[in-house]
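These notes are about the structure you will find just below.
Counting convention: from 1, in listed order, for ligands and their atoms alike.
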Amino acid sequence: MFVRTAGERDLEAIRALLVETWHATYDGIYGAEKVTEITDDWHSIAALRRRLTRPNSEFLAADDGKRIAGMAYAEADETGGTVTLRQLYVLPAFQGRGIGSMLLDEVIESFSEAKLLRLEVEEANEKAIAFYVAQGFARTGRTADCGGEGSDIPALVYEMPLV
Ligand SMILES: CC(C)(COP(=O)(O)OP(=O)(O)OC[C@H]1O[C@@H](n2cnc3c(N)ncnc32)[C@H](O)[C@@H]1OP(=O)(O)O)[C@@H](O)C(=O)NCCC(=O)NCCS
């Protein structure tokens, strides 16, 4: 498994990965219908394509030559000091094999100027929270609008200093 920058040709596979992993992770929390609604919006090919070209961002794929098993997307603020990890997803069948850690390490290496890495995580997603805490993140707050203004999805905010 190796981690590389994602490109246009990966978008179909990454969308399929996100749909599968979102249903596996969130159906029990939000309900399958809501998950379909969210993934159709946030993980449309058009939405993913916009992320490929956003300045000061990294869009990564974990690839074993046969399939994409994980993805990560992170973007820096205007100063470059704070990076937000917006997506980190590993296919259910590939979880617990170090792929999430590899993707996270590559995100950190990609933003050498950054001082802080932050993310939002669903409070009921205990596995992800355990993963982030094991990686060195600590809880610093909460948001009412996970993923962006108006989403109306509450989440916890976790941060890790990078200096
Ligand atoms: C959370 C996620 C990205 C982690 O990726 P992963 O590839 O499964 O995790 P790794 O195998 O790299 O785990 C690395 C370390 O994290 C810790 N960890 C991982 N899962 C854990 C869990 N459920 N409980 C406690 N610690 C855990 C362990 O310390 C592990 O180290 P180990 O190798 O000594 O066991 C992945 O499981 C995933 O995609 N989950 C579903 C989607 C999701 O919730 N994404 C995050 C949204 S905010």
Among all protein non-hydrogen atoms, which one is nearest to [atom], and what is the separation to 0.1 Å?
| atom | answer |
| --- | --- |
| atom 16 (O) of ligand 1 | F131 CD1, 3.2 Å |
| atom 5 (O) of ligand 1 | G100 CA, 3.3 Å |
| atom 25 (C) of ligand 1 | A130 CB, 3.3 Å |
| atom 39 (O) of ligand 1 | V90 N, 2.8 Å |
| atom 40 (N) of ligand 1 | Q95 NE2, 3.4 Å |

When you measure from the side chain of [X] to the backbone N and O of [Y], does any donor-acceptor pair fall under 3.5 Å?
| X | Y | value |
| --- | --- | --- |
| T21 | Y89 | no |
| S57 | R54 | yes |
| E58 | V107 | no |
| T39 | T36 | yes |
| D145 | D152 | yes |

Any Lys/Arg nitrogen of [X] or [Y] sitting under 4.0 Å from an Asp/Glu carboxylate oxygen of the other?
| X | Y | answer |
| --- | --- | --- |
| E123 | R142 | yes |
| R67 | D10 | no |
| K115 | E113 | no |

Take every heavy atom of [X], measure it against each atom of ligand 1, and state whether any distance is under 4.0 Å.
| X | value |
| --- | --- |
| Y132 | yes |
| E126 | no |
| Y26 | yes |

Under-4.0 Å protein heavy-atom contact, [atom]:
| atom | answer |
| --- | --- |
| atom 34 (O) of ligand 1 | no |
| atom 45 (N) of ligand 1 | yes |
| atom 37 (O) of ligand 1 | yes |
| atom 30 (C) of ligand 1 | no |
| atom 7 (O) of ligand 1 | yes |

Determine whether the side chain, the backbone, both or neither of [X] has a heavy atom under 4.0 Å from any heavy atom of ligand 1.
| X | result |
| --- | --- |
| T25 | side chain |
| E122 | neither |
| L88 | both |

Numbering as shown, the atoms of ligand 1 that approach [X] to under 4.0 Å (heavy-atom distance):
| X | value |
| --- | --- |
| N125 | 43 (C), 44 (O) |
| G98 | 10 (P), 11 (O), 12 (O) |
| S101 | 10 (P), 12 (O), 13 (O), 14 (C) |
| G96 | 6 (P), 7 (O), 8 (O), 11 (O) |
| A128 | 44 (O), 46 (C) |
| Q135 | 14 (C), 15 (C), 16 (O) |
| A134 | 17 (C), 29 (O) |
| Y89 | 39 (O), 42 (C), 43 (C), 45 (N), 47 (C) |

Can you tell me how far CG of L17 sits from NE2 of H43, rounded to the nearest 0.5 angstrom?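 Between H43 NE2 and L17 CG, I get 10.0 Å after rounding to 0.5 Å.
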Shared ILVMFWY cluster between F59 and V19, side chains joined below 4.5 angstrom?
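No; tracing contacts between hydrophobic side chains, which count when under 4.5 Å, never links both residues.
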Residue pair T25 / N125, side-chain heavy-atom distance below 4.5 Å: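 When only atoms from C-beta onward are counted, N125 and T25 do touch, with a gap below 4.5 Å.
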Exercise. Could you check if a side-chain atom of L85 sits within less than 4.5 angstrom of a side-chain atom of L104, using non-hydrogen atoms only?
Key: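 When only atoms from C-beta onward are counted, L104 and L85 do touch, with a gap below 4.5 Å.
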inquiry  = Could you check whether F137 and Y158 have their ring centres less than 6.0 Å apart?
reply    =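 Between Y158 and F137, the centre distance exceeds or equals 6.0 Å.
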- Task: Apply salt bridge (charged side-chain N to carboxylate O under 4.0 Å, His left out) to the pair D40 and R15, showing each step before the final yes or no.
- Result: CA-CA 9 Å; D40 281 351; R15 171 166 163 74; 3.2 Å; yes
